[in-house]
Amino acid sequence: MPNWQKLLTGIAASALLAKAAYGWTAQSILARLGTKAAVVLVANGVTDGAARWQSPAGWTSRTARLTGTADPATRARIAAELAAQPGIHAVEWDTR
């Protein structure tokens with residue numbers, strides 16, 4: 001096998017391993033952060049809420065993008081509670 005084929009095979013194998021590791025790690029992070037968000041949302045009376053953990057580009061993010069029916073004071077309280085949780089970088093409300 002020529003050297004260039006060995007190089008391309010190594011690059012392809014490394015890319016596949018990296019993608020698999022990212023997917024496995026992302027699922028673990030999302031499950032842990034999602035549980036925290038659900039507990040805080042329900043504790044504050046937002047039963048129709050949801051949290052997304054992907055950036056607009058589709059990457060796993062530690063920024064909670066929340067939806068749900070809540071007044072501004074409740075949204076601020078939830079954002080503060082979630083921002084204080086370990087592992088959560090920031091909180092944003094989707095107002096659409």
Which value, rounded to the nearest 0.5 Å, describes the distance between [X] atom [atom1] and [Y] atom [atom2]?
X     : Y     : atom1 : atom2 : result
Glu81 : Leu41 : CD    : CG    : 9.5 Å
Leu8  : Lys6  : CG    : NZ    : 13.0 Å
Leu66 : Ile78 : CG    : CD1   : 7.0 Å
His89 : Ser61 : NE2   : OG    : 8.0 Å
Lys36 : Leu82 : NZ    : CG    : 9.5 Å
Leu7  : Asn3  : CG    : CG    : 8.5 Å

Side chains of Pro56 and Arg65: closer than 4.5 Å at any heavy-atom pair?
-> yes
Taking all non-hydrogen atoms of both residues, which atom of Val46 and which atom of Ala70 are closest, and how far apart?
-> CG2-CB, 3.8 Å
At their closest point, which heavy atom of Trp53 faces which heavy atom of Leu30, and how far apart are they?
-> CB-CD2, 2.9 Å
Do Asp48 and Thr69 meet the criterion of a side-chain donor-acceptor pair at a distance under 3.5 Å?
-> yes
